Amino acid sequence: MRLIPNFGASLGELPAPRLLATAILSASALLLEIALTRLFSLIFFPPYVFLILSVAILGIGIGAAATALRPAMARRIGLSLGSLAAALCAILLLLFAVYGRPVDMQILLFVLLALPYACFGLVISLLFSEYAAASRILYMSDLMGAGCGALLAIPLLNRFGAVNAILLAAIGFTFAALYFSGGRDRIAALICIGIGGAAFVANVGGPFLTIEPSKLAPEKPIAAALTEGARILRTRWDAFARTDLVDPGAGRPLRIYVDGGAASVMPTEAARKDLLSDIGFFPFATEQPGRVFIIGPGAGLDVWFALQSGAKQISAVEVNAASTELVEAWSLYNGALYDRPEVTVIADDGRSALRRSREQYDLIYLSQVVTLAAERGGYALSENTIYTEDAFSDYLDHLDADGQIALKLYDEITLTRAVSTALASLRRRGLDDQQALRHLMAFIDGRSSPPAPLLLIGASAFSEDDSLVLGAIARDVGFKPALLPYVLVQPPLDAVASGSHSFDLIIAGSDANIAPATDNRPYFFQFEKGIPSSLVPTVALAVAAVGVVALAILAHCWRGATLVQRGYPLLFGMLGIGFITLEIYAIQQTRLFLGHPTIAITLVLVTFLVGGGLGSGLSQAFSHPLIERRPQLAAAAVVILSLLWSWLWSLLSAHFIAETLMTRAVIVALSLLPLALCMGVPFPQALKAIGSLDKPQVALAWSINGLMTVVGSILAVALSITLGFSAVLWLGASAYLVATAILAIVHRGGGT
């Protein structure tokens with residue numbers, strides 16, 4: 001084993017500027033991807049955002065395939081021109097998003113989206129083809145650059161917003177071109193940097209590239225409001241969302257829209273009578289809770305309810321810091337809600353903050369926390385651990401003996417699934433269905449559109465007197481009781497209350513998916529059984545595109561290839577599936593622990609990318625003879641470490657949940673680092689091997705890896721919906737297990 005790092009021995013003639021340019025190129029590509037996610041979350045709904053990201057990865061595969069299938073053309077384009085083309089395509093995509101009609105011209109959008117990543121795939125595959133012997137160091141530069149891009153994304157989005165972050169990504173591509181270039185290409189790169197920098201400064205100073213919300217899809221609530229005469233008072237872009245404060249006019253209260261979704265109301269004394277007639281005020285008025293925990297207060301209406309009922313301790317946890325800032329900025333309008341001594345506002349994930357709290361509460365309140373849920377067709381694919389069986393158990397653990405959970409929901413089907421989830425959570429506590437049903441009450445406000453339900457879940461069972469009293473109050477104020485233990489239990493719940501049926505029979509007989517949502521399958525708003533229909537076109541389009549390119553690649557690979565060479569396409573495909581699925585699994589597992597989805601995504605991405613880059617570089621610097629003799633060891637280690645991390649993570653997260661965010665972030669990074677280090681070894685190791693056999697195959701390897709990454713991301717979503725995220729873990733581990741077997745076979749055949 002070498003005790004002194006030896007990077008230079010196998011670098012060949014790879015110049016240092018190439019490494020720097022590779023890092024800048026990858027950082028720009030990842031920054032562009034994250035910024036586009038934010039931009040298109042405003043324009044579209046989550047299934048489309050998912051498709052957009054898949055198309056981006058597909059573009060990398062297409063660009064790499066072009067390098068392999070048309071090498072002369074790729075060489076003519078070259079590294080510098082390819083990087084400049086990526087910058088130009090990113091700008092064209094941005095202009096189309098701002099000035100075009102991406103909602104109505106989606107095919108053109110997907111083409112424009114694929115172009116910058118096709119250019120990136122072409123450049124990166126050219127690099128690895130030219131310097132195949134230095135694949136490990138080059139891959140280290142690629143991954144660590146991408147990790148830096150992910151790390152920079154949050155501060156850049158918070159400071160400049162999605163549009164300007166895209167401009168910065170384009171400028172980054174031009175800087176990469178500068179380091180790749182020479183002669184006239186260098187002059188062209190410098191000119192492009194100057195133009196891009198001037199455009200960025202101008203857009204920051206006086207925006208001319210902005211998304212007009214009134215031109216969004218008509219399904220977006222903010223678009224409908226602006227069409228009816230509402231006006232935007234203030235806009236905040238950050239890494240979480242675009243947040244707009246809107247005056248709807250006609251004397252109605254101000255509203256806050258997050259990514260154009262359903263509005264939350266900012267309270268004002270001028271609208272007192274109307275606000276107090278909201279069904280969300282019912283649990284505050286009837287129970288007069290002293291200590292209240294509110295998840296997702298939005299524009300502050302829930303906090304106002306608690307203050308009207310005389311609550312003495314109000315903890316309000318809002319994941320979108322921009323909403324809190326807007327409420328505080330408009331304190332004169334809302335009566336300085338968040339400055340009251342009874343009120344503590346926390347910027348965090350509500351359930352994560354509750355888990356870290358040792359307090360007990362009289363009322364835990366959630367009012368339509370997911371603002372896009374009114375557009376269920378668009379939000380079904382978005383996981384949310386607020387409405388799961390595990391979440392309800394956390395809420396029950398933090399209630400006083402006579403405390404309640406109150407959920408203002410969206411419509412009848414969400415009420416039904418919430419009842420199903422609540423019953424499952426209560427069964428965890430040793431109750432049967434009959435006993436659990438006595439802990440639930442439900443009311444409907446028929447005056448709203450659609451009628452808004454309210455579900456109450458008691459830590460203790462409701463008595464018949466409770467049902468009679470609350471039922472009478474509800475009728476007096478205009479609400480319709482839907483479930484009152486001992487008094488009103490409608491079909492099919494009456495059979496459960498009598499003990500003649502279990503709720504599981506109701507679930508099995510329902511045409512909709514009303515099974516309890518769990519942390520393993522957290523898609524509360526997915527009411528279709530099996531794969532949602534909104535995902536089918538996405539899957540079909542992606543699979544068709546992948547299939548066409550893959551067939552062309554395999555046909556090219558098969559001609560004149562040895563048996564060893566024919567094994568490499570499957571190897572690179574398995575590595576693509578394995579890497580993306582394990583990454584998705586780790587993000588989902590750490591979100592609740594870290595408390596903020598953006599932090600979880602960024603930290604896991606950075607750990608996997610930087611850790612993988614370090615692993616690749618260290619495998620070059622400290623190359624052990626055992627690794628050379630047994631190239632399958634790193635892939636086998638990934639299988640073992642991924643399963644081991646999954647088992648240990650439940651223990652680690654439970655033990656450290658109460659620590660500071662910094663401590664929790666360190667725990668996540670350190671626990672994932674060994675896995676990330678090993679994941680960075682097999683791909684460049686195999687690239688080096690295939691490059692020594694046939695250099696043109698290197699570009700094909702990149703293409704196959706990119707294409708199968710798309711397949712892996714689609715499979716991960718489908719499996720998480722149908723079987724749960726545990727199946728995503730097994731998919732990733734199985735992919736690396738197959739890769740282990742292939743590496744062992746091709747090594748015996750003389751391929752490494």
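The structure presented is a predicted model; accordingly, all values stated were derived computationally and were not measured.
- Ring pair F282/F443 is tilted by interplanar angle, where 30° to 60° counts as tilted.
- For NZ of K312, the number of neighbouring non-hydrogen atoms (other residues, nucleotides, ligands) closer than 6.0 Å is 12 at most.
- Between Y395 and F293 there is no side-chain heavy-atom pair separated by less than 4.5 Å.
- At a threshold of 4.0 Å, the pair D302-K408 does not count as salt-bridged, since none of the basic side-chain nitrogens sits closer than that to a carboxylate oxygen.
- Looking at R429 and S425, their side chains never bring a donor and an acceptor atom within 3.5 Å of each other.
- A distance-only check finds no donor-acceptor pair linking the side chain of D247 to the backbone of L233 [under 3.5 Å].
- Shown here is Q434, whose CD atom has more than 12 heavy atoms of other residues, nucleotides or ligands within 6.0 Å.
- Using cut-offs of 30° and 60° for the angle between ring planes, the F305 and F281 rings count as tilted.
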Give the C-alpha distance, both sets of side-chain angles, the deciding distance and a yes or no for side chain to side chain donor-acceptor pair (under 3.5 Å) between T414 and D411. CA-CA 6 Å; T414 54; D411 50 24; 3.0 Å; yes

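- The side-chain heavy atoms of L454 and F479, taken from C-beta on, include no pair separated by under 4.5 Å.
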Could you walk me through whether D349 and R356 pass the salt bridge (Lys or Arg N to Asp or Glu O under 4.0 Å) check? CA-CA 11 Å; D349 172 83; R356 296 193 299 276; over 6 Å; no

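- Defined by atom type and a distance below 3.5 Å, a donor-acceptor pair is present between the side-chain atoms of D519 and T388.
- Within a 6.0 Å sphere centred on CG of L332, other residues, nucleotides and ligands contribute 12 heavy atoms or fewer.
- Counting heavy atoms from C-beta outward, L157 and D238 have side chains that stay 4.5 Å or more apart.
- Proximity of H439 to L431: side-chain heavy atoms (C-beta onward) are separated by under 4.5 Å at one or more points.
- The pair D445-R447 counts as a salt bridge, with a side-chain nitrogen and a carboxylate oxygen less than 4.0 angstrom apart.
- A salt bridge is defined here as a Lys NZ or Arg NE, NH1 or NH2 lying under 4.0 Å from an Asp or Glu carboxylate O, and D244 with R255 fails to meet this definition.
- Under the 3.5 Å distance criterion, with hydrogens and angles disregarded, a donor-acceptor pair is assigned to the side chains of D466 and S463.
- In H398, the NE2 atom is crowded: over 12 heavy atoms of neighbouring residues, nucleotides or ligands sit closer than 6.0 Å.
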